[in-house]
Each structure stands twice: as C-alpha cells, then as structure tokens.
Amino acid sequence: MPAALPLGSLADWYLRSARDLPWRRPDFDAWGTLVSEIMLQQTQAARVAVEIDRWLERWPTPADLADAPTHEVLRQWGTLGYPRRALRLQDTARAIVERHGGEVPRDVDALLALPGIGDYTARAVAVFHFGDRHPVVDTNVRRVVARAVHGQGEAGPAKRRDLADVEALLPADPADASVVSIALMELGALVCTARAPRCESCPIADACAWRAAGYPPYEGRRAPRQARFAGSDRQARGTVLRALRGVDVPLAEAEIAALWPDAEQLERALASLVADGLVVRDGASVRLPH
DNA sequence: GAATCGTGGCC
DNA sequence: TGGCCAAGATT
C-alpha cells in the first residue's frame, strides 16, 4: 500500500496556481459546465477557452440549443475538432429538455444516459458544478496517479479499474474531494506533464513514488499510437466539412470532387459523414443537415 | 479490447 | 520535421 499523498499541499498549490479559465468563474451554471466539458474532450483547454463564451451567449440554455438549426451548430463548432461532439451536444440538449424539464440533471447515472457523455464528463459535471463526491478521471489524473502513487512513468491505456483506483484516494468530504480532483487535473496539465515534467515545482514531489524510485522508464503496455493524419479518411472528412461550413448553400458533387484527389477515398469519407449525420446528400449536391 | 474520430501546438 | 499529445466517447 503506497503512502498517502499530501492532499493538503496539493490543494494549497491549486488555490495558488490554478489558471483563470472561463468555466471556473463562479457564474458558470450547470449547462455551461456541461458544454465546456464536452468541448474539452480531446481538445486543449486554451482552444476551448476562446470559444466557450460566444457559444453560451448564443445558446444560453439547453432549450436554446435544442431549437437551433443543426447546420448553425456545426458552423459555430468550427474547428474544435471531432464534430460528432456537436451533434451529440445538441442531442443532449434535446434529451435534457424532454427528460429533465430543461435542467441539467445532477445524478451521475442520468448524466451518463445522455448522448456523448461518458465516465469523465458525467462526473466532471456532478463534481465541479454540483459539488458531489465522485472520482473524476481524465488523462491528467491517470498520469499523476500512475507516477505519484504507483511509481510508473506513464498510465498506460485507460482501464475501468482507474475509477475505483482514484476513488480510494479521495477525502470523505465532498468539497475536499472536489478540490483534490480539480487539483490533480491541473497538476497533470501544468506540472506533471506527459513530456518534461516540472518536478522541481511539484507540490507533492516529496511523496512521489516515481521520483523516489529514480524515474524508472515505463515498461508497461501503451495505447496504440494515433494513425497518421495526412492522407487519412479523417483528413478527407475534415476537408469536406470545412468546405461546407464555409458556404451557406449546398455544394455540387463536382465541387466536392475537387476537394480531394482520391475519388474512392472521398466517397468513403462522404458515406461515413452521411452515416454520422454530419452531412446530407441532396440529389446531386451535398450539404450540412438542417 | 482495439479502432475510429479533427485540429492544432509543441519540441 | 514528424511524432506525440490533448479535461474522451462510441462501436
């Protein structure tokens, strides 16, 4: 059993060093928290920070987004990446209106039942907005715990076990547990980074098992590395969607064909965009969904 | 469990 | 320069 982490030092460090991010402002409501957490799925905080306010000014409540034209939702999503998230976010807004009277639910299971909301996002909303006690486990938390608690240089692929693993670290008091979760995330983002961690300024360095062991290199299994992007179906999809966002009329098949050199790959990308509901084929042209 | 899904920043 | 990484979720 590893020694307990100095959670008091961690919390003090957080209160001293936390970034001033929009979703940490006291006036951020449950809906704003949910929207920001979905945008933060695999997208860097700095990029979300410049988009979130404009989004929430346009659609300040779930009912507002539920009623929006989907093509406008996709345009506003812009280049945040993984545009299926924008569709799911609108689906979630509609589900909140239908199932929960337009109010973001507090219950983790109710949150998990919403489209596009998984283990991380559901608990992030329940903890960071509602103040309940749950483990909030993202890539930062997994890395910090792997190092400080388990003495491993990397976390390896995400596992179901990670949730219970982190839950065991949390203080009993929900408010204290909430600060520990956000502080672990911030520590992973600012200090205990994937490359070149800043151990000299780490508030829990004295208790870090990885440091105590002399920074042994990671020997365990790793997540498979991302496929090359250049020339991929993903790039083809992105190219098509970027073109459609840039105009307010459908694009003819010939205009679409001019976007990508490999006709067979373009057709495959187009078919997958249609299957995802991101694009609609309308006769001999292609457009964003209404 | 592994593959898929955008875009941009960093060294 | 190109691989790695980023507040993950879904199938």
Side-chain angles (χ1 to χ4, degrees), chain A residues 14 18-19 21-24 28 32-52 74 77-89 91-92 111-129 134-145 154-163 166 178 181-190 192-197 218 221-245 268-269 271-273 275-279:
Chain A
Y14 175 76
R19 290 168 292 177
L21 295 167
W23 44 92
R24 291 179 180 162
F28 240 64
T33 302
L34 191 157
V35 173
S36 65
E37 291 297 349
I38 287 180
M39 289 183 174
L40 286 163
Q41 293 169 357
Q42 293 286 280
T43 298
Q44 298 90 330
R47 293 176 58 203
V48 175
V50 303
E51 298 293 337
I52 185 66
L74 290 171
W77 190 263
T79 59
L80 282 175
Y82 291 155
R84 289 190 294 199
R85 290 182 294 166
L87 297 183
R88 300 270 162 69
L89 178 54
D91 290 340
T92 271
L111 287 162
L112 283 170
L114 298 171
I117 296 192
D119 286 331
Y120 165 77
T121 305
R123 290 173 177 80
V125 170
V127 171
F128 300 145
H129 179 75
H134 304 282
V136 183
V137 183
D138 76 332
T139 186
N140 291 301
V141 173
R142 294 195 313 106
R143 185 174 56 251
V144 171
V145 171
E154 299 176 26
K159 298 174 285 290
R160 287 295 311 177
R161 180 82 184 79
D162 296 337
L163 268 182
V166 172
S178 171
S181 288
I182 192 65
L184 286 171
M185 289 177 62
E186 194 75 345
L187 191 69
L190 298 183
C192 194
T193 50
R195 289 172 301 190
Y218 180 68
R221 204 163 49 86
R222 313 181 175 220
R225 72 172 209 279
Q226 288 182 6
R228 161 185 230 86
F229 181 70
S232 67
D233 288 10
R234 290 159 84 165
Q235 187 181 26
R237 286 167 53 106
T239 300
V240 170
L241 273 186
R242 183 183 295 268
L244 289 173
R245 284 196 308 267
R268 189 166 64 237
S272 74
L273 287 170
D276 285 347
L278 286 162
V279 157

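Order of the sequence lines fixes the chain letters, A, B, ..., with proteins taken first and strands second; residue numbering starts at 1 for each chain.
- Residues in residues 221-231 of chain A take part in these side chain to side chain donor-acceptor pair (under 3.5 Å) pairs, two or more places apart or across chains: A:E154-A:R222.
- When heavy atoms are screened at a 4.0 angstrom cut-off, A:R228 is found touching the sugar-phosphate backbone but no base atom.
- Qualifying salt bridge (charged side-chain N to carboxylate O under 4.0 Å, His left out) partners for A:D119, counting only residues two or more places apart in sequence or in other chains: A:R123, A:R160.
- Each of A:L278 and A:R221 was assigned the nucleotide of DNA chain B with the nearest heavy atom; the assignment lying further toward the 5' end belongs to A:R221.
- Applying the side chain to side chain contact (heavy atoms under 4.5 Å, CB included) criterion to A:V127, with sequence neighbours excluded, gives A:H134, A:V136, A:S178.
- Summarising the geometry of A:C192 relative to A:V144, their closest heavy-atom pair is CB-CG2, 3.8 Å, with the distance given to 0.1 Å.
- DNA chain C lies under 4.0 Å from no heavy atom of any residue of residues 236-244 of chain A.
- For DNA chain C, the outermost nucleotides in 5' to 3' order that have an atom under 4.0 Å from a heavy atom of chain A are C:dG3 to C:dT10.
- Applying the 3.5 Å distance criterion, the base of B:dG6 shares a donor-acceptor pair with the side chain of A:R234.
- Separating the CG atom of A:L74 from the C1' atom of B:dG6 is a distance of 13 Å, rounded to the nearest angstrom.
- Taking the P atom of each, C:dA7 and B:dC11 are spaced 15 Å apart, rounded to whole Å.
- Residues meeting the side chain to side chain contact (heavy atoms under 4.5 Å, CB included) test with A:R85, sequence neighbours left out: A:I38, A:Q41, A:T43, A:W77, A:L80, A:Y82.
- As rounded to whole Å, 11 Å separates atom C1' of B:dG6 from atom CH2 of A:W77.
- Atom P of nucleotide B:dG8 and atom CD of A:Q235 are separated by 11 Å, given to the nearest angstrom.
- In this structure, A:T43 reaches the bases: a heavy-atom distance under 4.0 Å links it to at least one base atom across the strands shown.
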